[in-house]
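Since the structure comes first, as structure tokens, the remarks are kept for the end.
Numbered from 1 within each chain, the chains take letters A, B, ... in sequence-line order. Since the structure is predicted, the reported quantities are computational estimates derived from the model, not experimental observations.
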Amino acid sequence: MSNEKYRKVKSLNLPEIDKEILAFWSEKKVFEKSIEERSKDNSYVFYEGPPSANGKPGIHHVMARTIKDMICRHNTLKGKRVERKGGWDTHGLPIELAVEKELGITKEDIGTKISVEEYNTKCRETVMRYKSLWDDLTVKMGYWVDLENPYVTYENEYIESVWWLLNQLYKKDLLYKGLSVQPYSPAAGTGLSTAELNMPGCYKDVKDTSAVAMFKVERDEKSDFLFEGDDEDVRLIAWTTTPWTLPSNTALTAGGKIDYVKIKMLNSYTDLPVSVVMAEALVKKWFGAKNQPEMIEQSESFKGALMDGIRYEQLLDFGNEIEELQGKTDAFRVILGNFVTTEDGTGIVHTAPSFGADDRMVGVQNGIGALTLVDKQGKFKDTVGEFSGRYVKNYKDNPDYVNVDIDISIKLKKENKAFNVAKYEHNYPHCWRTDKPILYYPLDSWFVKAASMKERMSELNKTINWKPASTGEGRFGKWLENLQDWNLSRSRFWGIPLPIWRTEDGEEEKCISSIEELTNEIEHANKVLEKNQTIPEDLHRPYIDDVILATTDGQPMTRELDLIDVWFDSGSMPYAQWHYPFENKEKFERNYPADFIAEGVDQTRGWFYTLHAIATMVFDSVAYKNVVSNGLVLDKNGIKMSKSKGNAVDPFEALDKYGADANRWYMIANSPPWNNLKYDGDGVDEKRKKFFGTLFNTYNFFATYANIDGFEMDEANATPISDRPEIDKWIISKLNSLIKEYTDAMDDYEATKGCRAIENFVLNDLSNWYVRLCRRRFWKSDSDSDKRAAYETLYECMVVVSQLMSAVAPFFGDWLYQRLTDPIRKNEKANDGRWKHDSVHLTYLTKPNDDLIDAAMEERMDYAQRISSLVLSIRKKENHRVRQPLQKILLPVLDTTFQAQVEAVKDLILSEVNVKEIEYLTDTTGFIKKKIKANFKTLGRKLGKNMKAAAAVIGGFTQEDISAVEKSNSYELVVGDETYELTLEDFEITSDDIPGWTVANDGALTVALDVTVTDELLAEGTARELVNRIQNIRKTRDFNVTDKIVVTLENHEAIRPALEQFADYICTETLATSLDAKSDVEGEVIELNDEVSLNIQVEVQS
RNA sequence: UCCGAUGUGGCGCAACGGUUAGCGCAAUCGCCUGAUACGCGGGAGGCUGAUGGUUCGAAUCCAUCCUUCGGAACCA
């Protein structure tokens, strides 16, 4: 075994190959070399989106990373230097939550039960918890990324770069502090992110008291049309599921295009006559049923726009001053909003700008002012009359809690301000931690003015090549068009602190851009404030919070306590990974922007956006030129994988079971990665068997004979392609076409196309056609040069395939490469040859050679394949096994080159299908009946509207017309008034029938087979059957391939002609020295065919 | 509700304006002809979610609706 040049393995074991190659890579430092050996002036820039090592990796990470890896490897093969700095996302909510869970604390405990310092230390420790698992996956799946020097978002250098970026925004006046209504948990005393709100179980069905309140209209010019008599009591009615917000009401919002009506009725609670205004579409919801008030009269409908500006009396007036919105406090009037629907409620929306995002939006637009009568603890302020100090929900689990909503409703009823009060079940968000309902509350936050840059972002986005394009135009493009300002603030502990210090009155502020600046500022503060502060070693909280800065005139400034949204961290990586601009300026410039990034679609509004936003706002540039967003990995039934459903595929198991390459290949080749992938282990296994198995067998075949013959590739003295036989030229031509197709596809990030092209080549062209047809050349040497050419050709195909496939299947690709090239490495190194590199990943992609691509040859081999296939199909239909020789194939000749093309591959076809001759049918033979059809592609363009008529004319051609066209190569077509000059290529001439023959066809190709079995053919067929049976006996009895044998056959009628005419043939094929027929033979029984069985005796010649 | 995608033989995919809609798996029938039975070959199987439109011509472009998946919101 050890002296074999080409190492063989009995069976394909991809996981074993993974191990072997991993060891090799690490021993030879292949990854490092693949970068170092390429010039810095020719780089391809890739950014790694940092994963968080706080969670375990899943199978979808294999998907995303395969895409990243294959594009990087492909460009490395093309000679690019592809540095791949890894990174870790280390901040953010998930980490904090995990730590809190582990410590059994809640956010309120931070700073009391546990110091911020301890807490953050714990976060820092926890954040890399699964790092080893991630590293393991990275290695096992063959993802090449530099994990030795990763960027880590919690490091001071990283933070400093983020600060610098933030300061750039600040200087451009793109950073501001503002109030926005955000989900807020009074019980926990903290704002919640949308992510927190969307945690499972947070939206819960709860029964709340809902009230429809009546707002008394003030009569003036605008509202006059609503009134009929002098003393009519007209009320606008609005529904709310949070009656506690009613005291804070400052407006009512109506839909401008919605139809409203006024209804006269008696209030059910007071029996007083009132007229209520509501949307016409909702009248039936509130009137008519039992227990509902009776309608006295319904007015004509009018558009909501008419009500714009109508004033009403404040519903519950406790004498609080109205807060300004946009400098105005013009409250208690009707405004218009497009979010109003007639789905439910009354079509008039109670608007409290402090407690709803929409409310605030229209509130700001209309300058209606706001009332914020609830404090951050969730209780009414002291100025709300009898409700002062009462919690709006039972946040403290007080057993004596009395529902404020009910009390407010009672008050409304008593004061004739309630139209309807009822329990209402609805879905409402709850704080995931305290399980208490959240409320929407105006919070101070720092914002990036992203909305003001949206045009530029859209513009730059159009220069980015998105895969798939729809994500860029649609999901991402639309998002940019409707961009809102970016809320950067997080009132958390473990993250990058906002580098902004303010005086107490907020009049002066400083945005720090570097450690140096901070140091200087501290010095200044120490001086004017007589302090002794030093810069903290760790820029996180709480240390940074202790830093007090000072204004020039000596006022102390404290840091804004918020942290920066972690997404800003990851969006900063192009700069912060190099600690730009403080270090590595050239390195940054060389590596910006990225040529390529890839992540899941879920990052569209995450990382893809933050990269783009920061790049646009700070550098007026894109951050990446090409981006691949892959779809989700679902289970095989198309259901999202989740731990709770138990359908999640463990990536390690998948890799162990099928090997990394089978998984990688499956994920890329199965369907374009941007489609959602239904991951199915059986599918992976199929790839393993089909593609890798076939390639493996091809190699094994090669190795078997190459070892026997001692073949060694000698690149420098290889047989010139021009001197090789036709079939070699053909597969080399195919190979070069493949290189072209594959490279083009990969350059366009269409890896699925590339992989499929490789599969096609390996399965159909190389294994099933080339190797099968050339088998004899390897084991029977007619001439040494022919055999050598066969080896060289097969070798070239395999080694180039190993290169091409190595981007997606890095293990098997390298394995195959090494098996093939190790024996010649020394020579190649000495001669500076293509295969001098120890690993395929260090080689340079073979360029396609157009001179070796011969379209005509590919065409004629295609004819050979198709004709063979057609003949086999006729054989099958007529029940003639291939061993039975038949006399001839009839082929209608359809165009001038066809006959010559087929003639060139005639022998191949004949031996392939075991037929004696090919006869060509032309119209002169009288046999063939042609059909003609218009070539729609060429004619359609010329004729346009007349196409249909023309097709009819052409369809009516007689045989004479057809041959006239063929002879003259031109035709004058008259349709209506128009005359067209047509040439032969405007027609498609076929013959799908040969009268009197069994035919089969495939496209324009038609084949007939003479199925008459003459006695002579039968004898030959029988002879071949006998050869087959004898060979089988040789095999089952384990004879040596070279053993000579003696054969004795039962003297049977059926085989007599075969023995008479083909004895020599039988003997040669089976290495029989004698072949006798006797009436009485002791031996085994063979079945010649369904009817005939006979005895046969086979012995090795002594 | 909005946005994006998706819908093609039993299943998974292809064709992206041009003749008769391809392929793989499964099923079926057949083949062990010395690299492969975890292999090879043959045949059968769909009129492309629905309707309408543009076009000489539509699986492909447009519109509306429906399915499935995902995303973003809203729930006054």
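Atom CZ in A:F476 sits roughly 14 Å away from atom C1' in B:rG71 (whole-Å rounding). Computed from coordinates, the A:N768 CG to B:rU33 P distance equals 17 Å when rounded to whole Å. Counting to the nearest Å, the C1' atom of B:rC40 and the CD atom of A:Q865 are 15 Å from each other. When rounded to the nearest whole Å, the span between CG of A:L315 and P of B:rA76 equals 17 Å. Distance, A:N935 CG to B:rG57 P: 17 Å, rounded to whole Å. Distance A:H350 NE2 to B:rC74 C1': 16 Å, rounded to the nearest Å. Rounded to a whole Å, the CD atom of A:E759 is 11 Å from the P atom of B:rC25. Between A:R775 atom CZ and B:rC32 atom C1' there is a gap of 12 Å when expressed in whole angstrom units.
In terms of position along RNA chain B, the nucleotide closest to A:K753 lies nearer the 5' end than the nucleotide closest to the other residue of the pair A:L763 and A:K753. In terms of position along RNA chain B, the nucleotide closest to A:W674 lies nearer the 5' end than the nucleotide closest to the other residue of the pair A:A238 and A:W674.
Note on A:V1027: nothing from the nucleic acid sits closer than 4.0 angstrom, heavy atoms only. Using a 4.0 Å heavy-atom distance criterion, A:R772 is classed as a base contact. Within 4.0 Å (heavy atoms only), A:T704 reaches no atom of the nucleic acid at all. The residue A:N700 sits apart from the nucleic acid: no heavy atom pair falls under 4.0 Å. Heavy atoms of A:G693 sit nowhere under 4.0 angstrom from any nucleic acid atom. The residue A:P243 sits apart from the nucleic acid: no heavy atom pair falls under 4.0 Å. In this structure, A:T694 reaches neither bases nor backbone, as no heavy-atom distance under 4.0 Å exists between it and the strands shown.
For the pair A:K690 and B:rG24, the criterion of a side-chain N or O lying under 4.0 Å from OP1 or OP2 is not met. The side chain of A:T938 contributes no N or O atom lying less than 4.0 Å from OP1 or OP2 of B:rG18. Proximity of A:N1028 to the phosphate of B:rU33: a side-chain N or O atom is located under 4.0 Å from OP1 or OP2. At the phosphate of B:rA35, neither OP1 nor OP2 sits under 4.0 Å from any side-chain N or O atom of A:T698. In this structure, A:Y705 reaches the B:rA35 phosphate: one of its side-chain N or O atoms is under 4.0 Å from OP1 or OP2.
Between A:F355 and A:Y440 the shortest heavy-atom distance is CD2-O, 3.2 Å.
The same atom, C1', is picked in B:rU55 and in B:rG49; the two are 23 Å apart, to the nearest Å. Using P as the reference atom, B:rU8 and B:rA14 are 11 Å apart when rounded to the nearest Å. The P atoms of B:rC11 and B:rA27 are separated by 15 Å, rounded to the nearest whole Å. As rounded to the nearest Å, B:rC2 and B:rA59 have P atoms that lie 29 Å from one another. Taking the P atom of each, B:rA37 and B:rG71 are spaced 46 Å apart, rounded to whole Å. Separating the P atom of B:rC13 from that of B:rC69 is a span of 15 Å, rounded to the nearest Å. Rounded to a whole angstrom, the distance from the P atom of B:rG4 to that of B:rA21 is 32 Å. A gap of 14 Å separates the C1' atoms of B:rC29 and B:rG45, to the nearest Å.
Screening A:T250, A:T253, A:D359 against A:T351 for a side chain to side chain donor-acceptor pair (under 3.5 Å) leaves a single residue, A:T253. Among A:F608, A:W466, A:W607, the one residue that satisfies the ring pair (Phe, Tyr, Trp, His ring centres under 6.0 Å) test with A:F476 is A:W466. Partner of A:T346 under the side-chain contact (heavy atoms from CB on, under 4.5 Å) criterion, chosen from A:I237, A:V277, A:N420: A:I237.
Using modelled atom types, no side-chain atom of A:R875 and backbone atom of A:L1009 make a donor-acceptor pair closer than 3.5 Å.
In this structure, A:W665 and A:F691 have parallel ring planes: the angle between them is below the 30° cut-off, well short of the 60° mark. Relative ring orientation between A:Y6 and A:F702 is described as perpendicular, the plane-to-plane angle rising above 60° on a 0-90° scale split at 30° and 60°.
Which of B:rA76, B:rC38, B:rC69 sits closest to the side chain of A:K689 comes down to B:rC38. In the set B:rG42, B:rA35, B:rA14, the nucleotide with an atom closest to the side chain of A:S767 is B:rA35. The nucleotide whose nearest atom lies closest to any side-chain atom of A:E686 is, among B:rG18, B:rA35, B:rG24, B:rG24. Which of B:rA35, B:rG18, B:rA76 sits closest to the side chain of A:F701 comes down to B:rA35. In this structure, of B:rG41, B:rG43, B:rA76, it is B:rG41 that holds the atom nearest to the side chain of A:L872.
Note that the OG1 atom of A:T242 and the CG atom of A:D405 stand 7.5 Å from one another [nearest 0.5 Å]. Atom CG of A:N676 sits about 12.5 Å away from atom NE2 of A:H60, to the nearest 0.5 Å. Distance check: A:L1071 CG to A:I1066 CD1 gives 13.5 Å after rounding to the nearest 0.5 Å.
Looking at A:K687 and A:E759, a side-chain N of the basic residue comes within less than 4.0 Å of a carboxylate O on the acidic one, giving a salt bridge. Salt-bridge formation is detected for the pair A:K467/A:E750: a Lys NZ or Arg NE/NH1/NH2 atom is positioned less than 4.0 Å from an Asp or Glu carboxylate oxygen.
On a pure distance criterion of 3.5 Å, a polar donor-acceptor pair joins the side chain of A:R688 and the base of B:rC38.
No close placement of the A:Y609 and A:W567 rings is indicated, their centers lying 6.0 Å or farther apart. Remark: aromatic rings of A:Y679 and A:Y666 are close, center separation under 6.0 Å.
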- Fill in the dot-bracket string of RNA chain B, one character per base: . for unpaired, | for a pair to another strand, ( ) or [ ] for pairs within the strand, taking Watson-Crick or G-U pairs under 3.5 Å. (((((.(..((((....[...))))..((((.......))))......(((((..]....)))))).)))))....
Write out a two-atom table: protein N or O, nucleotide N or O from nucleotides 9-12 of chain B, distance below 3.5 Å.
| unit_1 | atom_1 | unit_2 | atom_2 | d |
| --- | --- | --- | --- | --- |
| B:rG12 | OP1 | A:K678 | NZ | 3.2 |

Heteroatom pairs (N/O) under 3.5 angstrom, protein to nucleotides 27-31 of chain B:
| unit_1 | atom_1 | unit_2 | atom_2 | d |
| --- | --- | --- | --- | --- |
| B:rG30 | O4' | A:K876 | NZ | 3.4 |

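A donor and an acceptor atom, one from each side chain of A:Y980 and A:D986, are nowhere located under 3.5 Å apart.
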